[in-house]
Amino acid sequence: MESKEQQVNLSEYLRILFRGRWIIFISFIVIVGSTAYFTYKMRPVYQANTSIMIEETGMESSLFSMNPFINIKNNLTNQMEVLRSRTLAEQVIRSLQNSPYNTELELLQQNQTFDEKVDALRKSMAVSLIKDTDIVQMTIIAHSSFEAAFLANAIANEYYLQQLEYSKGEVSEVRAFLEEQLHTVREKLTRSEELLKRYKEEQKIASLDVETQKMVEQAVQFETLYNEAETDLQANLRRLDVLKRKMADTKSTLVDDISNITSPLILELQNQIAEKQSRIANLLAKGYPGTDETVQSIEREIEFLKSKLMEETKKIASSGIVSTDPIKTTQQLFDDILRVDIEIKSLTSRTESLREILQSFDLRLDLLPEKSLTLARLLRDAELNEKIYLMLNEKYEESRIAEAGKTANVRIIDKAKPPAKPIKPNRRLNIILGIFMGLGLGVGISFFIEFLDDSLKTVEDVEKMGLSVLGTIPTINLEEMARRMQREGKTMKDIDKLRFDARLITRFSPKSPISEAYRSLRTNIQFARLDKPVRVILITSSATKEGKSTTTANLAITLAQSGSRTLMIDGDLRRPTLHNYFQLDRKMGLTNLITGEISFEQTVKPTDIPNLFLITCGDIPPNPAELVAADQMNKVLDRARSEFDFILVDSPPLIAVTDAVIMSTRVDGLLLVVSSGFVNRREVARAISILDNVKAKVLGVLINGLDIKRIYGSYYYYYHYYQYYYYYSSSRSKSKKGGKKTSDNSKKIKA
């Protein structure tokens, strides 16, 4: 039972799709056509990818022994934001404007401002992190394959250069400082040498005495040490400035915090370092034997004190006294800042000690005679500038080597290549989606219309309302039938057209499919009630123009053709039509009989069909319902029962007037005519409710005007109705000629 219901539901769905086939077809054509048009009109979009690895050199462990994965993730996120930054985009645009391909890039050819080009570049870029790796993938989209790859590589290259510059940072700053100082000292050396030479030539002095020469050499040595210490101090101050700028992104107060960290032990260590720096200066000033070994030993002690000072500072920092954010600060950066800060304090103590010694040498030189003093100062300046120049030059070369050894913490894994195919539009996918959307929209509209359409169209629709269907009367399209006959080499004659134009098809074409449908209705009515034969039948409908009068006439003809004496009564006292079908006079009919103007024998009018008689409406009364409700109407029906086998009563619609309701209580059964697709469920339900209220004997429903082709398909239509009609039509036309040929042709058609 359940499988049968599923089969019925599937059949209903298929019929809905068949009825909406044109909607589905139009939707399919419109959607697919529009999709194809816009797809092929759309500009192609290409996508190029480049992969960049973010290396964590020197930054693996986070500050204060925090979880290293937090810092690594934070650093990767920071680098992704750097790639998306406006600053990098501006550098890329400037680089592109100076590239040899600037005339080929659409991004630069657009009539936009610099800021608008930067925004356009940022919108075309996407940055994502490849899962479980330190590799960032950057994606660029553009309207040309070359431009997409070129922009991706340009951004990756600028990002690499930016990170390289950031990595060199403090070393580059020191190198630039030394280069500037070296240029200045070179000029001083040249000038001091010229002054010394000129003074010797003018004063005719070749050299100083041994004691003065030794004092000058010592002064030069200490001033060289002082300048070296001062240079190192300034270089470390520059390094600290660079580290401060690096810390600016983290909004940390690390540098100030480190400088302000203090404790008794830290103060003691700082004092010891300052004392040992002063001791080194004094030892060098006295020049005792073994001074070099002693100085080296003290310097080792200073380095040891520096390491202890660094450890103590870290302990205090890790105790939470400072406001440093460990997540935003790497161990390497912290160590660099701490080391530079300690070095600055140590060098400050050393320069102060050396400055005091230099002041003592200046006082001793001031005691020399004027000529010796001038020569000594010139000689000291020349030797000092030479040693400072050599010292700076050595440090400059060291800084250059250190700078060249610095690398960026990023590595370009894969450079972008021009993509072979665009990512948009995906023509095949768009067309496939368009096909599904077109079909889906058409099916959806068909089901939506079906949902809104509350009319009764099929046998299944009527049976769902709990009504019994006694028969279906199909419709035949004359034009389609003519085209089909033409394809088969036949022509439709005038007699064929008349048969279809006339409403009494059972009279003009008794072997047609429609006539067969009426005969099937006749049989179903005869067996509708086996316990009590049905002789008086009321034929009505819920609304007008549903074909009840046509049904009455054709059903009466089939009953008469079967040999039964049949009487038709035109009970529609408002708009009578039965007399027109048989070309009889309407006057002197039912209304005259009820009022007693004429007798029953005078009212019954024979037709040109054997066994078929008609009582016309008669004069149209002003009060039809009162006449139908009169007792005289029962007497008319009783008289008809005594003389005829079947009596068919045509009546007005049920909902419009009460005539049919009154008449339904006086007949053996009622046939409700429902026009397919013409009335809705509410109207039929209302009609059935009215009949139930008066306990009318409803035999069943006749579905009239069922469009077989539209509802069930052309195959069912042609082969179950047309072929049947053609067989009888052609057979009858050829039977007039007689002979064996007609019989043979009939057999061929049946086959």
Legend entry - More than 12 heavy atoms of other groups within 6.0 Å of F447 CZ: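 Counting other residues, nucleotides and ligands, CZ of F447 exceeds 12 neighbours.
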Flag, side chain of [X] to backbone of [Y], donor-acceptor distance under 3.5 Å:
X    : Y    : answer
S455 : F678 : no
R84  : V127 : yes
N153 : K415 : no
Q97  : R94  : no
Q137 : T50  : no
S27  : I23  : no
K117 : I93  : no

How would you list, by chain and number, every residue that makes a side chain to side chain contact (heavy atoms under 4.5 Å, CB included) with [X], sequence neighbours excluded?
X    : answer
R681 : D454, L456, D461, M465
I29  : F25
F436 : I432

What is the distance from atom [atom1] of [X] to atom [atom2] of [Y], rounded to the nearest 0.5 Å?
X    : Y    : atom1 : atom2 : value
Q79  : S85  : CD    : OG    : 10.0 Å
D414 : S51  : CG    : OG    : 5.0 Å
D134 : I52  : CG    : CD1   : 13.0 Å
M53  : T133 : CE    : OG1   : 7.5 Å
M437 : N430 : CE    : CG    : 10.0 Å
T39  : N426 : OG1   : CG    : 9.0 Å

Please list, chain by chain and in numerical order, all residues satisfying side-chain hydrogen bond (donor to acceptor under 3.5 Å, both in side chains) with [X], sequence neighbours excluded.
X    : result
D119 : R86
S446 : none
E158 : S95
S128 : none

Inset, instruction - Report the residues that fulfil salt bridge (Lys or Arg N to Asp or Glu O under 4.0 Å) with E106, sequence neighbours left out, ordered by chain and then residue number. - result: R43
With a 4.5 Å cut-off on side-chain heavy atoms, are [Y] and [X] touching?
X    : Y    : value
M138 : Y159 : no
I24  : L439 : yes
I141 : I423 : yes

Inset, instruction - Kindly state each residue pair satisfying salt bridge (Lys or Arg N to Asp or Glu O under 4.0 Å) with at least one member in residues 425-439, sequence neighbours excluded. - result: none
Legend entry - Residue pairs involving residues 26-55 (criterion ring pair (Phe, Tyr, Trp, His ring centres under 6.0 Å); sequence neighbours excluded): none
Inset, instruction - Enumerate the residue pairs fulfilling ring pair (Phe, Tyr, Trp, His ring centres under 6.0 Å) with a member in residues 107-138, sequence neighbours excluded, ordered by first and then second residue. - result: none
Inset, instruction - Go through the side-chain N and O atoms of T139 and N49 and say whether any donor and acceptor fall under 3.5 Å apart. - result: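 Yes, side-chain donor-acceptor contact under 3.5 Å.
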Inset, instruction - Applying side-chain contact (heavy atoms from CB on, under 4.5 Å), run through L151 and L96 and close with a yes or a no. - result: CA-CA 9 Å; L151 291 178; L96 293 176; 3.4 Å; yes
Please report the closest heavy-atom contact between [X] and [Y], naming both atoms and the distance.
X    : Y    : value
H143 : P44  : ND1-O, 3.2 Å
A89  : V118 : CB-CG1, 3.7 Å
Q109 : N102 : NE2-O, 2.7 Å
P418 : A149 : N-CB, 3.5 Å

Inset, instruction - Take L433 and T35 through the test side-chain contact (heavy atoms from CB on, under 4.5 Å) and record every step on the way to the result. - result: CA-CA 9 Å; L433 291 177; T35 302; over 6 Å; no
Inset, instruction - Test I155 against L121 for side-chain contact (heavy atoms from CB on, under 4.5 Å), laying out the working first. - result: CA-CA 10 Å; I155 295 174; L121 178 63; 4.0 Å; yes
Inset, instruction - State which residues pass ring pair (Phe, Tyr, Trp, His ring centres under 6.0 Å) with F150; sequence neighbours excluded, sorted by chain then number. - result: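 F150 satisfies ring pair (Phe, Tyr, Trp, His ring centres under 6.0 Å) with Y101, F146 only.
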Inset, instruction - Decide side-chain contact (heavy atoms from CB on, under 4.5 Å) for L88 and L83; before the verdict, give the C-alpha distance in whole Å, the side-chain angles of both, and the deciding distance to 0.1 Å. - result: CA-CA 7 Å; L88 180 63; L83 277 167; 4.1 Å; yes
